[in-house]
Each structure stands twice: as C-alpha cells, then as structure tokens.
Amino acid sequence: MIALTWHGGTVAEITLDRPEALNALSTAMAEELARVCAEVAASRAHAVVLSASGEKAFCVGADLKERNGMSDADILRQRPVFRAAFGAVLGLPQPVVAAVHGYALGGGTELALSCDLIAAQPGAVFGLPEVSIGLVPGGGGTQLMARRVGPAKAADLVLTGRKVGFAEAVTLGLVDRPAPEGGARETALETARAIAANSPVATRAAKRALRTGAPLDLAAAMDIEDNAWRTAAVSADRREGIAAFNDKRTPDWPGV
C-alpha cells in the first residue's frame with residue numbers, strides 16, 4: 001500500500017500504492033505510511049517525493065467504505081492512527097515535494113499540504129469536501145490551507161467544500177511547480193534532485209526555520225533563523241561547501 005523507492009541514494013520517493021481504491025487511506029495504509037515516513041526520517045535522504053500510483057487519483061482521502069461500518073467509538077479509535085500518519089509526513093525533517101495528479105480530495109489535499117512544495121499537472125483536482133459528509137478536515141486542512149493561501153481563501157474552500165481545478169490551484173498558490181500533462185512526478189523528482197544537490201544540513205535547518213518561524217512575530221522568527229544559521233555554520237557541510245567553491249568542484253556533503 002505504501003512503496004519506498006530510492007533515486008541515486010539521496011532522494012526517497014514515498015508512493016501511495018492503492019490505485020484500485022483511488023489511493024484512499026484505510027487504517028492499515030495510514031499505519032504503513034507513518035512507518036515508512038519514520039524510516040525515511042531516520043535515513044540519510046536529502047529530499048523526499050510523495051507520489052501516487054494509478055491514473056485517476058493522487059489520493060481521495062479517507063476510505064469511506066471502511067468508515068461506513070464504523071461506530072462512533074471505532075472512528076475515535078482510528079483518529080490517532082490518522083493523526084500519526086499525517087503528522088509523520090508533516091514532520092519529515094527533509095524537504096518534501098508532492099507530485100499530484102488527478103483527484104487530491106480531503107486527506108489527499110491534506111497530504112499535499114503537509115509537503116513543503118506541491119508539483120501538479122493539468123487535470124489535478126484539489127478539495128476539502130469534509131463538511132459535505134458531516135466532518136471537518138482533520139489532517140491539517142484548516143490550518144495548513146490557511147497558512148498557504150490565506151484565511152479568507154481557506155474559508156471559501158473549507159466551508160463550501162468545493163473542488164479546485166489545476167488552473168485555479170496555480171492561481172491560488174496551492175501549486176508551486178506547475179507541470180506539463182503527465183509530468184507531475186518527474187517535475188517533483190527534478191525539484192527534489194535540485195534540493196538534494198545542496199547541503200542536507202543546510203536544507204533541513206532552512207526547512208525548520210521556514211516552518212517554525214512562519215506563525216511567529218518577526219523578532220522571534222529572526223531568532224529562529226539565527227539558530228538555523230548557526231546549525232549550518234558550525235557543520236562539516238559548511239566547511240566542505242566553502243572548500244568546494246574555492247576548489248571549483250562539486251561538494252561531497254558529509255551531511256553533518
């Protein structure tokens with residue numbers, strides 16, 4: 001249900017692999033996603049791509065067929081499993097690029113929002129339709145969407161539950177890397193390779209600064225940035241990066 005592929009030893013690709021169900025998240029799939037993310041987080045990957053198999057969908061959210069037979073108690077027992085899965089993607093220390101094709105609805109949009117960058121191709125459809133089935137987005141949708149597109153636009157999407165096509169998603173700023181037809185995965189991989197070519201210490205520290213500093217006031221955020229700078233400045237990566245620049249060669253990053 002979740003596949004892990006390595007590209008060149010520095011880019012990890014996590015693939016949602018349940019195409020027969022449009023990559024809908026079952027309890028078992030959510031557990032596996034959390035496990036694979038933990039494996040990648042502990043690895044020496046420099047960057048990560050989150051992709052999906054099949055032709056029609058990136059992910060259509062929670063498996064409603066599974067939930068149809070659940071009691072209130074069952075759904076509440078499932079909740080920590082889903083929170084752990086979405087939290088595992090959001091918490092990956094490496095920069096993560098989503099590769100979105102087809103439908104990314106509910107939890108599918110939330111998985112994409114949990115990544116640092118979103119690549120998408122024509123035909124991609126985003127949406128947070130939870131209110132239409134009596135739920136609230138629970139994988140970070142209300143918070144991550146507001147941080148990405150602003151509170152008012154997020155309210156429009158969350159409260160109406162409407163779907164957003166590719167062109168509007170680009171205009172809203174929901175898509176960072178517009179890809180050609182059929183090219184979302186390759187665009188995401190190209191972006192991840194570009195990130196992976198840089199210092200892993202610096203990119204991880206920069207990601208922490210971007211994520212942690214965003215909701216803070218400027219003075220506090222500048223302290224977060226200073227901490228990230230200091231992390232990189234005293235690293236072996238910094239010494240290697242400057243030496244490689246002066247030697248006119250490609251850096252061989254120690255990663256520490």
>> Pair Leu144, Ser114 - check side-chain contact (heavy atoms from CB on, under 4.5 Å), show working.
In response: CA-CA 7 Å; Leu144 297 174; Ser114 297; 3.7 Å; yes
> Does Leu111 share a hydrophobic cluster with Val36, counting links as ILVMFWY side-chain heavy atoms below 4.5 Å and allowing steps through other members?
Replying inline: yes
>> Whether Asp74 and Arg67 form a salt bridge (side-chain N of Lys/Arg under 4.0 Å from carboxylate O of Asp/Glu) is what I want to check.
In response: no
>> Tell me if a side-chain donor or acceptor on Thr231 pairs with a main-chain N or O of Asn227 at a distance below 3.5 Å.
In response: yes
>> Taking Arg249's backbone N and O only, do any of them form a donor-acceptor pair with Asp247's side chain (distance below 3.5 Å, no angle check)?
In response: no
>> Measuring only between side-chain heavy atoms, which start at C-beta, is His46 closer than 4.5 Å to Val11?
In response: no
> Hey, quick one: are Val164 and Val100 part of the same hydrophobic cluster, counting side-chain heavy atoms closer than 4.5 Å, chains of contacts allowed?
Replying inline: yes
>> So does Trp6 get a backbone contact from the side chain of Glu13, meaning a donor-acceptor N/O pair under 3.5 Å?
In response: no
>> Using modelled atom types and a 3.5 Å cut-off, is there a donor and acceptor pairing between side-chain atoms of Gln121 and backbone atoms of Ala179?
In response: no
>> Quick one: does any side-chain atom of Trp253 pair with a main-chain N or O of Val201 as donor and acceptor, under 3.5 Å?
In response: no
>> Ignoring hydrogens, what is the shortest heavy-atom contact between Ala52 and Ala57? Give both atom names and the distance.
In response: CB-O, 4.0 Å
>> Just verifying a value: how many Å separate Glu168 CD and Leu157 CG, rounded to the nearest 0.5 Å?
In response: 7.0 Å
> Under 4.5 Å between any side-chain heavy atoms of Pro95 and Leu117, yes or no?
Replying inline: no
>> Has Arg238 got a side-chain atom pairing as donor or acceptor with Ala232's backbone, closer than 3.5 angstrom?
In response: no
>> According to a hydrophobic-cluster definition based on side-chain heavy atoms being under 4.5 Å apart (Ile, Leu, Val, Met, Phe, Trp, Tyr only), do Leu128 and Leu22 belong together?
In response: no
> Looking only at heavy atoms, what is the nearest atom pair of Ala192 and Val49, with distance?
Replying inline: CB-CG2, 3.6 Å
> Where do Gly107 and Cys59 come nearest, in terms of heavy atoms and distance?
Replying inline: C-SG, 4.5 Å
> Do other residues, nucleotides or ligands put more than 12 heavy atoms under 6.0 Å from the CZ atom of Phe86?
Replying inline: yes
>> Looking at Arg148, is its backbone amide N or carbonyl O close enough to the side chain of Lys153 to form a donor-acceptor pair, meaning the two atoms are under 3.5 Å apart?
In response: no
>> Would you compute the distance between atom CD of Gln143 and atom CZ of Arg147 and round it to the nearest 0.5 angstrom?
In response: 5.5 Å
> Quick one: does Asn246's side chain have a donor or acceptor within less than 3.5 Å of a partner on Ile242's backbone?
Replying inline: yes
>> If the test is side chain to side chain contact (heavy atoms under 4.5 Å, CB included), which one of Thr109, Leu50, Val125 qualifies with Phe58?
In response: Leu50
> Hey, what do you get for CD (Glu240) to OG1 (Thr250), rounding to the nearest 0.5 Å?
Replying inline: 10.0 Å
>> Can you see whether Ser53 engages Thr15 through a side-chain donor-acceptor pair at a distance of less than 3.5 angstrom?
In response: no
>> Within a 6.0 Å radius of atom CD on Glu20, are there more than 12 heavy atoms belonging to other residues, nucleotides or ligands?
In response: yes
> Do the side chains of Arg162 and Pro129 get nearer than 4.5 Å, heavy atoms only?
Replying inline: no
> Judged by modelled atom types alone, do Asp237 and Ser199 share a side-chain donor-acceptor pair under 3.5 Å?
Replying inline: yes
> Does the side-chain contact (heavy atoms from CB on, under 4.5 Å) test come out yes or no for Glu66 and Gln78, once each step is laid out?
Replying inline: CA-CA 11 Å; Glu66 179 186 46; Gln78 186 195 54; 3.3 Å; yes
> Passes side-chain contact (heavy atoms from CB on, under 4.5 Å), Leu92 versus Val40? Steps please.
Replying inline: CA-CA 8 Å; Leu92 281 165; Val40 172; 4.2 Å; yes
> Would you find more than 12 non-hydrogen atoms of other residues, nucleotides or ligands less than 6.0 Å from Met70 atom CE?
Replying inline: yes
> Between Thr187 and Pro180, which heavy-atom pair has the shortest distance, and what is it?
Replying inline: OG1-CD, 4.1 Å
> Do you know which two heavy atoms are closest between Ile2 and Ile14, and how far apart they sit?
Replying inline: CG2-CG2, 3.8 Å
>> So Gln94 and Thr203, do their side chains get closer than 4.5 Å, heavy atoms only?
In response: no
> Should we count CZ of Arg230 as having more than 12 external heavy atoms under 6.0 Å?
Replying inline: no
>> Are Phe245 and Pro251 packed together at the side-chain level, in the sense that at least one heavy-atom pair is separated by less than 4.5 angstrom?
In response: no
> Hey, are the side chains of Asn23 and Met1 touching, using non-hydrogen atoms and a 4.5 Å cut-off?
Replying inline: no
> Applying the side chain to side chain contact (heavy atoms under 4.5 Å, CB included) test to Phe126, which of Leu174, Leu172, Leu105 qualifies?
Replying inline: Leu174
> Are Leu135 and Tyr103 co-members of a hydrophobic cluster defined by side-chain heavy atoms under 4.5 Å apart?
Replying inline: no
>> For Asp63 and Leu25: C-alpha separation, side-chain torsions, deciding distance, then whether side-chain contact (heavy atoms from CB on, under 4.5 Å) applies.
In response: CA-CA 5 Å; Asp63 186 338; Leu25 286 170; 6.0 Å; no
>> Main chain of Gly139, side chain of Arg83: is a donor-acceptor contact present, judged purely on distance under 3.5 Å?
In response: no
> Roughly how far, to the nearest 0.5 Å, is the CD atom of Glu31 from the CZ atom of Phe82?
Replying inline: 9.5 Å
> Rounded to the nearest 0.5 Å, how far apart are CG of Leu16 and OG of Ser51?
Replying inline: 7.0 Å
> At their closest point, which heavy atom of Arg204 faces which heavy atom of Pro93, and how far apart are they?
Replying inline: CG-O, 3.5 Å
>> Are Ile118 and Val97 packed together at the side-chain level, in the sense that at least one heavy-atom pair is separated by less than 4.5 angstrom?
In response: no
>> If you define the side chain from C-beta out and look only at heavy atoms, does anything of Ile224 sit under 4.5 Å from Leu216?
In response: yes
>> Let me confirm one number: the CG-CG distance from Asp223 to Asp217, rounded to the nearest 0.5 Å.
In response: 9.0 Å
> Do the side-chain N and O atoms of Thr191 and Arg177 include a donor-acceptor pair separated by under 3.5 angstrom?
Replying inline: yes
> Would Glu186 and Arg193 pass as an ion pair if we require N to O under 4.0 Å?
Replying inline: yes
